[in-house]
Trainee: 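Let me give you the structure first, and then I'll get to my questions.
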Amino acid sequence: MTPQSPKSMGVSGSNEAIHQEVVFKASAERIYHILTDTKTFDRVVAASGAMQNMALGNAPTQISMELGGSFSLFGGYISGRQLELTPGVRIVQAWRSAGWKPHIYSVAKFELAEHTGGVELTFDQTGFPNGEGASLANGWHEHYWAPISKILA
């Protein structure tokens with residue numbers, strides 16, 4: 001049997017991915033709490049200004065702390081399921097934007113590691129529609145990392 005090329009076997013080599021590393025002056029437990037607690041994440045949403053600057057829905061922030069549980073953020077514009085929850089260490093989510101086709105989910109992974117003077121958050125996102133990478137990468141900075149830094153200040 002002749003080996004086939006990856007492309008002829010349906011393997012795509014053109015999918016976008018996001019990798020970001022951010023250092024916060026906080027503990028890993030504090031950052032984990034911010035990302036997984038409904039009331040605290042509401043403060044991130046408020047600090048981001050997204051609800052005033054974007055035409056988002058008005059659904060309340062909801063974040064399940066249960067494995068397999070759902071979350072809804074930014075007026076319901078962002079939603080998904082918790083795939084892995086390791087307190088103070090890792091969050092993995094099936095994550096989607098309301099603007100995507102209904103069956104499309106990306107995988108968003110937040111890894112936390114102690115760092116001099118705080119914690120380093122290593123973020124990776126894969127599986128989103130091609131062409132969305134730059135907008136999503138900017139959104140993570142504007143609507144997650146910068147507001148979290150404001151809350152911690």
Trainee: Ignoring hydrogens, what is the shortest heavy-atom contact between W140 and Q20? Give both atom names and the distance.
Mentor: CB-OE1, 3.4 Å
Trainee: Can Y77 be reached from Y105 by stepping across I, L, V, M, F, W or Y side chains whose heavy atoms are under 4.5 Å apart?
Mentor: no
Trainee: Heavy atoms, side chains only, cut-off 4.5 Å: are F128 and W100 in contact?
Mentor: yes
Trainee: Please check this pair: side chain of R30 against backbone of I34, looking for a donor-acceptor N/O pair closer than 3.5 Å.
Mentor: no
Trainee: Which donor-acceptor pairs under 3.5 Å do the side chains of residues 78-88 make with protein atoms, sequence neighbours left out?
Mentor:
unit_1	atom_1	unit_2	atom_2	d
R81	NH1	G68	O	3.3
Q82	OE1	Q93	NE2	3.2
Q82	NE2	S64	O	3.1
E84	OE2	T86	OG1	3.3
E84	OE2	R90	NH1	2.6

Trainee: When rounded to the nearest 0.5 angstrom, what is the spacing between CG in L67 and CE in M65?
Mentor: 11.5 Å
Trainee: Going through the checks in order, is the side-chain contact (heavy atoms from CB on, under 4.5 Å) test met by I31 and I148?
Mentor: CA-CA 8 Å; I31 299 302; I148 289 171; 4.0 Å; yes
Trainee: By side-chain hydrogen bond (donor to acceptor under 3.5 Å, both in side chains), which residues pair with H19, not counting sequence neighbours?
Mentor: E21, D124
Trainee: Rounded to the nearest 0.5 Å, how far apart are CD1 of I91 and CD of E111?
Mentor: 10.0 Å
Trainee: What pairs with E120 under side-chain hydrogen bond (donor to acceptor under 3.5 Å, both in side chains), at least two apart in sequence or on another chain?
Mentor: none
Trainee: Which pair of non-hydrogen atoms, one from V44 and one from P147, has the smallest distance, and what is that distance?
Mentor: O-CB, 3.5 Å
Trainee: Are any non-hydrogen side-chain atoms of F123 and W145 less than 4.5 angstrom apart?
Mentor: yes
Trainee: Considering only heavy atoms from C-beta outward, does the side chain of V89 approach that of L112 to under 4.5 Å?
Mentor: no
Trainee: Indicate yes or no: at least one non-hydrogen side-chain atom of H33 is less than 4.5 angstrom from one of T40.
Mentor: yes
Trainee: Applying side-chain hydrogen bond (donor to acceptor under 3.5 Å, both in side chains), name anything that partners W95, two or more places apart in sequence or on another chain.
Mentor: none
Trainee: Hey, could you give me each pair passing salt bridge (charged side-chain N to carboxylate O under 4.0 Å, His left out) that has a residue in residues 127-153? Not counting sequence neighbours.
Mentor: none
Trainee: Heavy atoms only: give me the nearest S48-F74 pair and the separation to one decimal.
Mentor: OG-CE2, 3.7 Å
Trainee: Establish whether V45 and I63 are linked, either directly or via other cluster members, by ILVMFWY side-chain heavy-atom contacts under 4.5 Å.
Mentor: yes
Trainee: Supply the atom-to-atom distance H115 NE2 to T122 OG1, rounded to the nearest 0.5 angstrom.
Mentor: 9.5 Å
Trainee: Determine whether I104 and P129 make a side-chain contact, defined as any pair of heavy atoms from C-beta on separated by less than 4.5 Å.
Mentor: yes
Trainee: Among all residues two or more places apart in sequence or in another chain, which pass the side-chain hydrogen bond (donor to acceptor under 3.5 Å, both in side chains) test with T61?
Mentor: D42
Trainee: Does L152 share a hydrophobic cluster with L121, counting links as ILVMFWY side-chain heavy atoms below 4.5 Å and allowing steps through other members?
Mentor: yes
Trainee: Between the side chain of E16 and the main-chain N/O of G133, is any donor-acceptor distance below 3.5 Å?
Mentor: yes
Trainee: Using side-chain heavy atoms (C-beta onward) and a distance below 4.5 Å, is L73 in contact with Y144?
Mentor: yes
Trainee: Rounded to the nearest 0.5 Å, how far does CD of Q62 lie from CZ of F41?
Mentor: 13.5 Å
Trainee: Quick one: closest heavy-atom pair of A137 and I18, and the distance?
Mentor: N-CD1, 3.6 Å
